[in-house]
Amino acid sequence: MTTMTEASVREFKMPDVGEGLTEAEILKWYVQPGDTVTDGQVVCEVETAKAAVELPIPYDGVVRDLHFPEGTTVDVGTAIISVDVGGGSAAPAPAAEQPAAEQPAAAAPAEEPKAAGSGRQPVLVGYGVATSSTRRRPRKGPEVPVQQASTAIQTELNGHAPTAPAPAPAAAQAAPAGPDRPLAKPPVRKLAKDLGVDLTTVVPTGPDGIITREDVHAAVAAAVPAAPEPSVASAPAAAPAPYDTARETRIPVKGVRKATAAAMVGSAFTAPHVTEFVTVDVTRTMKLVEELKADKEFAGLRVNPLLLIAKALLVAIRRNPDVNASWDEAAQEIVVKHYVNLGIAAATPRGLIVPNIKDAHAKTLPQLAESLGELVSTARDGKTSPAAMQGGTVTITNVGVFGVDTGTPILNPGESAILAVGAIKPQPWVHKGKVKPRQVTTLALSFDHRLVDGELGSKVLADVAAILEQPKRLITWA
């Protein structure tokens, strides 16, 4: 057996992959002890308060040890992996010196049996499972299995527990062993974790055997038993089930959700918010959207009302540049920005994020459409980088996609204004002296009253509304 010297072992520490971040959660390891790695090779994926990021190793060698299992939150500057750069082979640590989380299953106390299905990994693209010694850190609250929760609900609704399905034969429950984990993107893993779904039991339908969100939801639906048909001579309904933890699910506040909560609280209690509203006829804008879809200049691009709303806001900012500013508390100065990094609030499985389009003011309409499409697709895939969420100057949040008429949005920290767009729907409207059905929406503009007074905020909102009512102003006001 080759012996390694401690001098040849390099420790790779958790870097600060954002701007001033203090911790990150290890989502997935791409290497194992004994694997050979090269300079620049991605060894793991981590989730920060801003984004999911892949970490490359900065040198060549052989992996000696992974210091933390997947699911562990690690402080920046803490060593997460050891690599022998001297060319030696990794030797496993003696069983007596292994951490508790890596002891063989046989050594676990009898009163704490390992949960069925935990730590299993598939062989190839979702086929087969094998036992793994890696364990995720304990959650702050009890996990509620989907089957257990659905049984409790059925018991309360029907007065008795549904008949349990017959156990599958032992041969059907067994599966081949293998070294890989189920293939799924981080947002899908989080969804499965929140719903209590074991990914090793999910049948993948995505390309190359990747588990999709739809696969997870299908697994949840399959786990809920059908309610039995009521009987004419049924017994009186039993009393509701006693209050217990099976009727709750606790979700740890961390990552993007934790950062968003802290930012919103800080913004709400630091900047004095004022919100103004306007309802506008956007029928002509909706017609223009349909015309642009057929324009060859927009071939392959996604054209929707948000594109023209974004352009309208950019024009309004050019006409009222003082709204595009920030408050410097330390210097006691108002900083007016001569560029617009346009933020778009995006709801993702990891939480609310606000990536922004850099220098959106300088883009043509087709370029803006391309940037919006890339921003949305990247956010949905959970691949938004920390840099893409820094330096925003003004934000748009489209609550209309949820059928909501309007809202009072909270400012993104460091920005002076945020525009909320409500649902666009037909309403009776006085048009040319007659009441007609028109496409109508409500806009809401929140702004920091320390640097944007009522006159300036009203002018910006009025300009956006005027452009959406008469989109030809995109040309005449350019």
Side chain to side chain contact (heavy atoms under 4.5 Å, CB included) between L288 and L308, worked out | CA-CA 9 Å; L288 180 57; L308 295 183; 3.8 Å; yes
Over all atoms of both residues, closest heavy-atom pair of [X] and [Y]:
X	Y	result
I211	P182	CD1-CB, 3.8 Å
S326	G414	CB-O, 3.2 Å
A362	Q367	O-OE1, 4.2 Å
L451	L456	O-CD2, 4.4 Å
R302	A369	O-CB, 4.1 Å
K358	A387	NZ-O, 3.2 Å

Using only heavy-atom distances, determine whether the side chains of [X] and [Y] contain a donor-acceptor pair under 3.5 Å.
X	Y	value
S458	E276	yes
T73	E23	no
T212	D215	yes
D35	Q32	no
T275	S446	yes
T393	N324	yes

Take D463 and N320 through the side chain to side chain contact (heavy atoms under 4.5 Å, CB included) test and state the conclusion after the steps.
-> CA-CA 9 Å; D463 279 357; N320 305 274; 3.0 Å; yes
Just wondering, more than 12 heavy atoms not from R473 lying within 6.0 Å of its CZ?
->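 For R473, atom CZ is crowded (more than 12 foreign heavy atoms under 6.0 Å).
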Return yes if some donor-acceptor pair links the side-chain N/O of [X] with the main-chain N/O of [Y] below 3.5 Å, else return no.
X	Y	value
N356	Q390	yes
Y59	F12	yes
H361	V340	yes
D322	A325	no
T441	G422	yes
T378	L375	no
T78	V74	no
T38	D60	no
S377	G373	yes

Are the side chains of [X] and [Y] in touch, meaning some heavy atoms are under 4.5 Å apart?
X	Y	answer
W29	I80	yes
S416	F447	no
I81	V63	yes
D75	M14	no
Q470	R284	yes
L419	T395	no
V394	V323	no
V37	V31	yes

Verify side chain to side chain contact (heavy atoms under 4.5 Å, CB included) between K311 and L368, making sure each step is shown before the conclusion.
-> CA-CA 8 Å; K311 191 63 176 179; L368 188 61; 4.2 Å; yes
If the threshold is 4.0 Å, N to carboxylate O, is there a salt bridge linking [X] and [Y]?
X	Y	answer
K425	D405	yes
K293	E290	yes
D381	K383	no

With [X] as reference, evaluate [options] under the side chain to side chain contact (heavy atoms under 4.5 Å, CB included) test and give the passing residue.
X	options	value
V464	V278, I317, L313, L445	L313
I396	L372, L306, V354	L306
W429	T279, V280, T283	T279

Measuring from atom [atom1] of [X] to atom [atom2] of [Y], what distance do you get when rounded to the nearest 0.5 angstrom?
X	Y	atom1	atom2	result
R10	S82	CZ	OG	11.5 Å
E469	D281	CD	CG	6.0 Å
D359	Y339	CG	OH	8.5 Å
T348	I353	OG1	CD1	5.0 Å
L474	L365	CG	CG	7.5 Å
L55	E45	CG	CD	9.0 Å

Start with the C-alpha gap between L443 and F277, add the side-chain angles, then the distance that decides, and say whether side chain to side chain contact (heavy atoms under 4.5 Å, CB included) holds.
-> CA-CA 6 Å; L443 307 175; F277 308 87; over 6 Å; no
